[in-house]
There are 2 protein chains.
Amino acid sequence: MVYTVGEMAKLLGVPASTLRYYDKEGLLPFVERSPGGRRMFQEKDYEWLQTIECMKKTGMSLRDIRVYIDMAMRGDETMEPRLQLLSRQREAVRTQMAELQRTLDMLDFKCWYYETALRSGTSDAVRNMPLEEIPEPYRAALRQLPKPE
Amino acid sequence: MVYTVGEMAKLLGVPASTLRYYDKEGLLPFVERSPGGRRMFQEKDYEWLQTIECMKKTGMSLRDIRVYIDMAMRGDETMEPRLQLLSRQREAVRTQMAELQRTLDMLDFKCWYYETALRSGTSDAVRNMPLEEIPEPYRAALRQLPKPE
DNA sequence: TCTTGACTTAAAGCTGAGTTTAACTTGTAT
DNA sequence: ATACAAGTTAAACTCAGCTTTAAGTCAAGA
């Protein structure tokens, strides 16, 4: 079973222009063409495209994904550098998550701040609240934060 | 104590061009000018800038940050919409983190895959490994994933 | 006073990841 | 055989978030 670019795009839920763009950028070296020049996507290409999607979710750039694909197409001899690339990406995602957690703590604190201020009708009460009265979970965020405005 | 744009940029660890850009985009309505037209940053402006930085880390667009700043400058009457904005942003960050976790699971699995393949010298062994032999933590990721290449 | 470094603006340029457009070709259905 | 939807390319356009450049202004130290 082969698919045209439009069919494959539909399967993946992306515009066909995106697949053409990826092809132009060298991300789809595995896609063959018909005698008339049309892309003929195979079942196995769907798996490649899922792999690309997955890499993209990690925040990897198209350039790095292309490098990865190129290596993967060269077979087992490139397993080591591929592992290295994935390993670095994993580290990057972990870092990203840790940063997001700190950001989330800040947002939790700010939301609490406004909820409290709204309940008392003014921001004065909570702005001048002594540290001891601030619920424990928010104190850490407060310490590393500017005052909410 | 007042600072020029260059001094404030140094304090924040960003290029001065970024602060000028933010000003042009309306993110710094609080910064006053000298008679000669130069920006004079005050201590309190430093706190505003930290707030902007914090909002940016949540992935908020400059446009939304400007809206937030504008509201904050109008005082207590805008607390409710500000809370709504922060609340929405918090939801967005939570979603983002959940997605990253799934991505991380995938990367963990892929790294395990390559580590195993490298130890056995070929990807065949692990490619054909029956599900029961795959360590439990990785099975979930495998189920929602394309085969690694 | 003069030099010099840091400031000012407007406008253009850059990057990544696409999307849109225009002009043309292919292949399927009638 | 013909129509016509869907394919092809190159090139231009978009968007956010800056950065760079050019041409000019300000102000602190010698």
Side-chain angles (χ1 to χ4, degrees), chain A residues 1-42 45 48-69 85 89 92 96 99 103, chain B residues 1-42 45 48-49 51-69 89 92 96 99 103:
Chain A
M1 181 68 181
V2 307
Y3 305 91
T4 67
V5 70
E7 287 160 352
M8 184 52 83
K10 210 161 199 176
L11 276 180
L12 292 163
V14 302
S17 62
T18 301
L19 296 184
R20 294 199 188 97
Y21 171 68
Y22 285 0
D23 196 8
K24 187 158 66 93
E25 294 300 300
L27 271 78
L28 315 181
F30 43 81
V31 176
E32 306 197 358
R33 301 293 186 118
S34 76
R38 299 184 165 201
R39 291 173 189 87
M40 299 187 309
F41 289 82
Q42 314 284 334
D45 298 349
W48 276 110
L49 286 163
Q50 282 190 115
T51 299
I52 289 175
E53 232 175 313
C54 162
M55 307 298 257
K56 239 166 42 95
K57 276 193 216 146
T58 74
M60 197 181 279
S61 67
L62 295 192
R63 160 193 291 273
D64 279 359
I65 294 175
R66 194 189 59 195
V67 168
Y68 181 82
I69 301 260
L85 203 144
Q89 201 57 27
Q96 213 181 325
E99 272 171 24
T103 293
Chain B
M1 182 67 180
V2 306
Y3 305 92
T4 67
V5 69
E7 286 160 352
M8 184 51 84
K10 209 161 200 176
L11 276 181
L12 292 163
V14 303
S17 62
T18 301
L19 295 184
R20 294 199 188 99
Y21 171 69
Y22 286 178
D23 196 9
K24 188 160 65 94
E25 295 300 301
L27 271 78
L28 315 182
F30 43 82
V31 176
E32 306 196 356
R33 301 293 187 118
S34 76
R38 300 187 164 199
R39 292 173 188 85
M40 300 187 308
F41 289 82
Q42 314 285 334
D45 298 350
W48 277 110
L49 286 163
T51 300
I52 289 175
E53 232 176 311
C54 163
M55 306 298 256
K56 240 168 39 100
K57 275 195 216 145
T58 73
M60 198 182 277
S61 66
L62 295 191
R63 160 194 290 273
D64 279 0
I65 294 175
R66 194 191 60 196
V67 169
Y68 180 83
I69 300 261
Q89 200 58 27
Q96 213 182 325
E99 272 171 24
T103 293

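Chain A is the first sequence line, chain B the second, and so forth, proteins listed ahead of strands; every chain is numbered from 1.
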TODO: Specify the separation, in whole Å, of atom CZ of B:R66 and atom P of D:dC18.
DONE: 15 Å

Open item on the list: Please pick, from D:dG7, C:dT8, D:dT19, the nucleotide with the shortest atom-to-atom distance to any side-chain atom of B:Y21.
Closed with: D:dT19

Open item on the list: Counting only side-chain heavy atoms from C-beta out, which of D:dT9, D:dG17, C:dG18 sits nearest to B:L62?
Closed with: D:dG17

TODO: For B:L19 and C:dC7, give me the distance from atom CG to atom C1', rounded to whole Å.
DONE: 13 Å

Task: A:D45 and A:R39 ion-paired at < 4.0 Å - done: no

Open item on the list: Go nucleotide by nucleotide along DNA chain C from the 5' end; which of A:G36 and A:T18 gets its closest nucleotide reached first?
Closed with: A:T18

Open item on the list: Does a side-chain N or O of A:R33 approach OP1 or OP2 of D:dT9 to a distance below 4.0 Å, or not?
Closed with: yes

- [ ] Please state how far atom CZ in A:R63 lies from atom P in C:dG18, giving the value in whole angstrom units.
- [x] 15 Å

Open item on the list: Side-chain N or O of B:S61 versus OP1/OP2 of D:dG17: is the shortest distance under 4.0 Å?
Closed with: no

TODO: Check each of A:M55, A:Q89, A:K57, A:Q96 against B:T103 using the side-chain contact (heavy atoms from CB on, under 4.5 Å) test, and report the only one that passes.
DONE: A:K57

Open item on the list: Applying a 4.0 Å non-hydrogen cut-off, can you work out what A:R20 is touching in the nucleic acid: base, sugar-phosphate, or nothing?
Closed with: base

- [ ] Name the closest nucleotide to the A:V5 side chain, picking from D:dG7, C:dT8, D:dT19.
- [x] D:dG7

Open item on the list: Output the rounded distance in Å from CG (B:D23) to P (C:dT9).
Closed with: 7 Å

Task: Nearest-nucleotide 5' precedence on DNA chain D, B:P35 against B:K56 - done: B:K56

TODO: Specify the separation, in whole Å, of atom CE of A:M60 and atom C1' of C:dA17.
DONE: 16 Å

Open item on the list: Measure CG/B:D64 against P/D:dA16 and give the value in whole Å, please.
Closed with: 11 Å

TODO: Measure from CZ on A:R39 to C1' on C:dT25 and round the result to the nearest Å.
DONE: 14 Å

TODO: Taking atom CD of B:E25 as the centre, report whether more than 12 heavy atoms of other residues, nucleotides or ligands fall under 6.0 Å from it.
DONE: yes

TODO: Identify, between A:G37 and A:S17, the residue whose nearest nucleotide on DNA chain C lies closer to the 5' end.
DONE: A:S17

Open item on the list: Whole angstroms only, please: what is the NZ-C1' distance between B:K24 and C:dA11?
Closed with: 9 Å

Task: Euclidean distance, A:I65 CD1 relative to A:T58 OG1, rounded to 0.5 Å - done: 6.5 Å

TODO: Identify which one of B:V14, B:L62, B:I69 satisfies the side-chain contact (heavy atoms from CB on, under 4.5 Å) criterion when paired with B:Y22.
DONE: B:L62

TODO: May I ask you to verify whether the side chain of A:R38 and the base of D:dT8 hold a donor-acceptor pair under 3.5 Å?
DONE: no

